[in-house]
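These values consider heavy atoms only, across backbone and side chains, with no hydrogens, waters or symmetry-generated copies. Only a predicted model underlies this, so the values are computations on that prediction, with no experimental measurement involved. Chain letters run A, B, ... following the sequence lines, proteins first, then strands; residues in each count from 1.
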Amino acid sequence: METIQTTLQGVIQDVFGLDIKPELTRTDEQFGDYATNVAMQLAGRLRRAPREVAEELSVSLRGALGDQAADITIAGPGFINITLSDAALGAMATGALSSKPRDYEGKTVLVEYSDPNPFKPLHAGHLYTTLIGDMIARLVSVAGAQTVRLNYGGDVGLHVAKSMWAICRDLGGELPEKLAAVPEADRPAWLGANYAAGNTAYEDDEQAKAEIVAYNKRVYALHTDDDHDSPFAQIYWTCRQWSYDYFAVLYDQLQVVPFDRYIPESSVTPLGVRTVQEGLATGVFEESDGAVIFDGDKFGLHKRVFINSAGLPTYETKDVGLSLTKWTDYQFDKSIIITAVEQLQYMQVVIKAIEQIAPEPAQRTTHLTHGVVKLKGGIKMSSRRGNVVTALDILAAAREAGAATGTNPDEATILAAVKYAFAKNRIGGDTAYDPVESIALEGNSGPYLQYAHARARSIMGKATATPVEAVTDFDGGERSLARKISEYPDVMAHAVSDLMPHHICSYLYELAQTFNRFYENNQVVGNDREAVRLRLVSMYADVLQDGLQLLGITAPDRM
RNA sequence: GCACCCGUAGCUCAGUGGAUUAGAGCGUCUGUCUUCGGAACAGAAAGUCGUAGGUUCGAGUCCUACCGGGUGCACCA
C-alpha cells in the first residue's frame, strides 16, 4: 500500500505539480483492490471536472504502476479503482506478516492499566481494563515500542481507612494474631465485605465517620514512620499482601503479560505532596477553605481539591506524584493511561494541573477510557454494593456457560471467549457481557476463531504437497482469500494508530468468513492446485494466529 | 444548572466524508451438502442510522439546536 500510495503521489506531482498525500482506501471487491477519491479533491482546486482529472491521472498511473496493476478504471463521480495483478497481490499476501506498523519504533511507551486498589474487591470493570490494557500494550509493542506495563493502586487513602476500621472492628480490636482465623480461600471475600461495611458506616454513622477519618491519618503515618511492627501496622501490611496475592490469582488465570512494575500509591504520595506545595508557592495551586485546590475553571474545566483541609493529599495529588515518577524514571515518549470513563473529566483536570508544572510529560500523556461492564440484562456492576460481580465471577460464568454447551471447552477456550467478548466492541462505550454468547460455538466469538485456526492447521497436516513459495496466479476463490489476507497490515496499522483492538476482531472474523467461503467450493488436498492452495491456507492460519495473539488469545493447533 | 460520552435491524454491535443496495453476529424463516474437522455455506424477512435544520459535488460520519439514556461537577477513588 505504501508503494502504491507513493506512486500515486508522484503521479499527481508530475501531472499537476501538486504535492499532496492522496487517500488510498480498500474498496469493495467488485470495484477493485484499492480506490482513491483524489480526483474529486483535486477537481475543486483545479476547477475542472472530476472525471476528467481522474482520466488524466489514471493514464499516468497505469504507466507508473506497470505490471503491478492489472486494471485501472474510473467509476461513479470520479473514483479511480486499482486492481492489482495476481503476482502483486500474491506478493502482498505472502508478505502480510512481515509488514508491521512502525509507529513506535525506538520509542518508550508506558501503559498503565488494571489499577486495582488493595482492600477492595476486583470487580468486573477490573477484568475489562486488564484485558483491554494488555491488548493495547501488545499493539504498541508490535509497532516497535519499548513497552512498560504499569499497575497503580491505592494502598493509602480513605477507602483503606474504611476497610481498616471495619477490619479492626471485625477482629474485636487491633489484634493481628486473629487474622490467622480467616481461611486463605475466604480472604478476598472477607476484605471485600469489610470494605463494604466500612463504606456503609462512613455514610450512615457520624461517629464511625469521624473514626475513619482518624484511621486515614494513621494509615498515612504507617508509611511516613515506616511502621511495620505496631499491631495496627501488622494488620495493614498483612491485608495489603493478601490483596496483592489475590490480584496475582486473577492475572494468572487471565494469562495476561505480567506487569513490569506495580506502583503503590504510598510510594508516589511524598513526591506529589512536595510538588503541590511548591506549586502553591508559584501560584499553580491556591488555598480555598483550608484546602489546596487547582482552579480548572480557568482552563474550561472544573476545580478540584488536591490537599484537603485536614492536610491529607487526595487522589489528585498522588496522580501528580505518579506522573512525575513515570517521567523521571522512564523519560517516556508516550504514556497511556486506561481507566473507566467516570475518570475522564477528573483526569483532564489532573493532567492540566501537571501541565502547569511539567508540560512535557503532560503533553505526552494519553488517557483512554472504557465504559461500564454490564451483565446481559443491563445491570451495572458496582463495588459500593455488597453483591458485587467480581472479575472472577465473570470467568466462572463463562466456565458455567461453557459446561452447559456439552462440548467441554478447556481453559484456553474459556479465556478466548471472555477476552474476545471484551475485545470486539470499540472501547469507550459500555459493554454488555453475555457469557452464553461469548462461549458460543458459532458466530463472532473467540472460540469460533480458535476453531477456524485449528481446522486450517488440520488441513495442512493432511496435505502431501509442498506449498509454493510465491503465489503468482489465482484460480476460483483463491483471489478473494489472498486479497483478504493482504489487508492484515492495513488493519494492524489502523488498530495501532487508533489504539483500538476491536479493529483486529472485525478483521479476523471477516477473514474466517472469507476462508469458509473459499473452502466450501475449493478442494485443497488432492487438487491440481494443492501446492498453491496450501500456501494460502498456511498464510491464513498464520494471520489468524498472529491476530489472536495481539488480543492475548491462544491459537491451539487442535481443540 | 454546566460539562463530557452515547442513541444504527427484535437483541448485541461494526461502519476511514464517498459508489445502482447502510453491514455483521444472535434470534426468526427457507435451502445446500452422505464434511480436506458442518463450530460450514447459500438465501429471505427485518432500518424514516433519535428528531429538525445546516455545511458539502456527496453526511450514519462534520456543525447547530432539540429529544432520550449514561457519567462527572472541591475536601471519595
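One donor-acceptor pair, N or O on each side, does fall under 3.5 Å between the base of B:A19 and the side chain of A:Asn81. Contact of A:Thr407 with B:A39 (side chain to base): no donor-acceptor pair of N or O atoms is detected under 3.5 Å. Between the side chain of A:Thr27 and the base of B:A19, at least one donor-acceptor pair of N or O atoms lies under 3.5 Å.
OP1 or OP2 of B:C41 has at least one side-chain nitrogen or oxygen of A:Asn516 nearer than 4.0 Å. Using a 4.0 Å cut-off, some side-chain N or O of A:Tyr451 falls inside it from OP1 or OP2 of B:A39. Distances shorter than 4.0 Å separate some side-chain N or O of A:Arg426 from OP1 or OP2 on B:G15. Of the side-chain N and O atoms in A:Lys318, one or more sit less than 4.0 angstrom from OP1 or OP2 of B:A77. A:Gln41 has no side-chain polar atom (N or O) that falls below the 4.0 Å cut-off from OP1 or OP2 of B:G17.
On the C1' atoms, B:G10 is 14 Å away from B:C29, given to the nearest whole Å. B:C76 and B:U51 are spaced 44 Å apart, taking the P atom of each and rounding to whole Å. Atom P of B:G70 sits at a distance of 24 Å from the matching atom of B:C63, rounded to the whole Å. To the nearest whole angstrom, the two C1' atoms, one in B:A9 and one in B:U21, are 16 Å apart. For B:A22 and B:G58, the C1' atoms lie 15 Å apart once the distance is rounded to whole Å. For the C1' atoms, the distance from B:C41 to B:A14 is 22 Å, rounded to whole Å. Nucleotides B:G7 and B:G50 are separated by 6 Å at their C1' atoms, to the nearest Å. Separation of the P atoms belonging to B:A24 and B:C67 is 36 Å when rounded to the nearest angstrom.
Residue contacts shown for A:Tyr509 are limited to sugar-phosphate atoms, with no base heavy atom under 4.0 Å away. Residue-level contact check: A:Asn308 touches the bases, meaning some heavy atom is under 4.0 Å from a base atom. Counting non-hydrogen atoms under 4.0 angstrom, A:Asp430 reaches the backbone sugars and phosphates but no base. Using a 4.0 Å heavy-atom distance criterion, A:Ser506 is classed as a sugar-phosphate-only contact. Within the nucleic acid shown, A:Leu344 comes within 4.0 Å of sugar-phosphate atoms alone, with no base atom in reach, counting heavy atoms only. If you check every strand for non-hydrogen atoms under 4.0 Å, A:Arg517 touches sugar and phosphate atoms only. Looking at heavy-atom distances under 4.0 Å, A:Ala35 makes contact with a base. Using a 4.0 Å heavy-atom criterion, one finds that A:Gly429 contacts no nucleic acid atom at all. Residue A:Ala454 is in base contact, counting any heavy-atom pair closer than 4.0 Å across all strands shown. Residue-level contact check: A:Asp28 touches neither bases nor backbone, having no heavy atom under 4.0 Å from any strand. As judged by a 4.0 angstrom heavy-atom cut-off over every strand, A:Asn37 is placed among the base-contacting residues. At a threshold of 4.0 angstrom between heavy atoms, the contacts of A:Asp557 include nucleobase atoms, whether or not backbone atoms are also involved. Residue A:Thr369 is out of contact with every strand shown, counting any heavy-atom pair closer than 4.0 Å. Counting non-hydrogen atoms under 4.0 angstrom, A:His503 reaches the backbone sugars and phosphates but no base.
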Exercise. For ring-ring contact (aromatic ring centres under 6.0 Å, His included), just list the numbers for A:Phe299 and A:Phe294, CA-CA rounded to whole Å, side-chain angles, deciding distance to a tenth of an Å, and then say yes or no.
Key: CA-CA 10 Å; A:Phe299 302 92; A:Phe294 176 74; 5.6 Å; yes
Exercise. Dump the intermediate steps for salt bridge (charged side-chain N to carboxylate O under 4.0 Å, His left out) on A:Lys326 and A:Glu112, then the final yes or no.
Key: CA-CA 10 Å; A:Lys326 287 177 178 177; A:Glu112 178 204 324; 2.6 Å; yes
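Across the strands present, B:A40 finds its partner in B:U32; the criterion is a Watson-Crick or G-U wobble pair with both atom distances under 3.5 angstrom. Pairing partner, B:C66: B:G50, with both Watson-Crick or wobble hydrogen-bond distances short of 3.5 Å. Across every strand in view, B:G58 sits unpaired, with no contact that passes the Watson-Crick or G-U test at under 3.5 angstrom. Using the Watson-Crick or G-U wobble rule with both distances under 3.5 Å, B:C2 pairs with B:G72. Across the strands present, B:G23 finds its partner in B:C13; the criterion is a Watson-Crick or G-U wobble pair with both atom distances under 3.5 angstrom.
Put simply, CE on A:Met460 is 18 Å from P on B:C36, counting in whole angstrom units. In this structure, A:Lys352 places its NZ atom 15 Å from C1' of B:A3, rounding to the nearest Å. Note: NZ (A:Lys209) to C1' (B:C75) measures 10 Å, nearest angstrom. Taking atom CD on A:Glu342 and atom P on B:U71, their separation rounds to 8 Å, with Å as the unit. At whole-Å resolution of the value, CG in A:Asp498 and P in B:A14 are 13 Å apart. In this structure, A:His302 places its NE2 atom 17 Å from P of B:C2, rounding to the nearest Å. With rounding to whole Å, A:Glu437 atom CD is found 9 Å from B:G27 atom P. The CD1-P distance, from A:Ile504 to B:A14, rounds to 15 Å in whole Å.
At distances below 3.5 Å, at least one donor-acceptor pair connects side-chain atoms of A:His159 with backbone N or O atoms of A:Gly154. Counting only distance, with no hydrogens or angles, the side chain of A:Asn527 and the backbone of A:Arg529 share a donor-acceptor pair below 3.5 Å. The backbone N or O of A:Lys352 sits less than 3.5 Å from a side-chain atom of A:Gln356, completing a donor-acceptor pair.
Judged by distance alone, the side chains of A:Arg455 and A:His453 never bring a donor and an acceptor atom under 3.5 Å apart. For A:Arg304 and A:Tyr346, the side-chain atoms include no donor-acceptor pair closer than 3.5 Å.
The side chain of A:Ser458 lies closest to B:G37, out of B:C36, B:A77, B:G37. Proximity note for A:Ile459 (side chain, C-beta onward) versus B:G72, B:G37, B:C41: the nearest is B:G37. Picking from B:U71, B:C36, B:U16 the nucleotide with the shortest atom distance to the side chain of A:Val525 gives B:C36.
Looking at which nucleotide of RNA chain B each of A:Lys462 and A:Asn117 is closest to, the 5′-most match is held by A:Lys462. The nearest heavy atom of RNA chain B to A:His502 and to A:Leu158 marks one nucleotide each, and the one closer to the 5' end goes with A:His502.
Both thresholds, 5.5 Å between centres and 30° between ring planes, are not jointly met by A:Tyr519 relative to the base of B:A40, so the two rings are not stacked. Stacking annotation: A:Phe79 is stacked on the base of B:A19 (ring centroids less than 5.5 angstrom apart, interplanar angle below 30 degrees). Where stacking is scored as ring centres under 5.5 Å apart with planes under 30°, A:Tyr315 does not register as stacked on the base of B:C76.
A ring-centre distance under 6.0 Å is found for A:Tyr509 and A:Tyr448. Residues A:Tyr540 and A:Phe518 place their aromatic rings such that the two centres sit no closer than 6.0 Å.
The pair A:Glu52-A:Arg47 does not meet the salt-bridge criterion, since no charged nitrogen lies less than 4.0 angstrom from a carboxylate oxygen.
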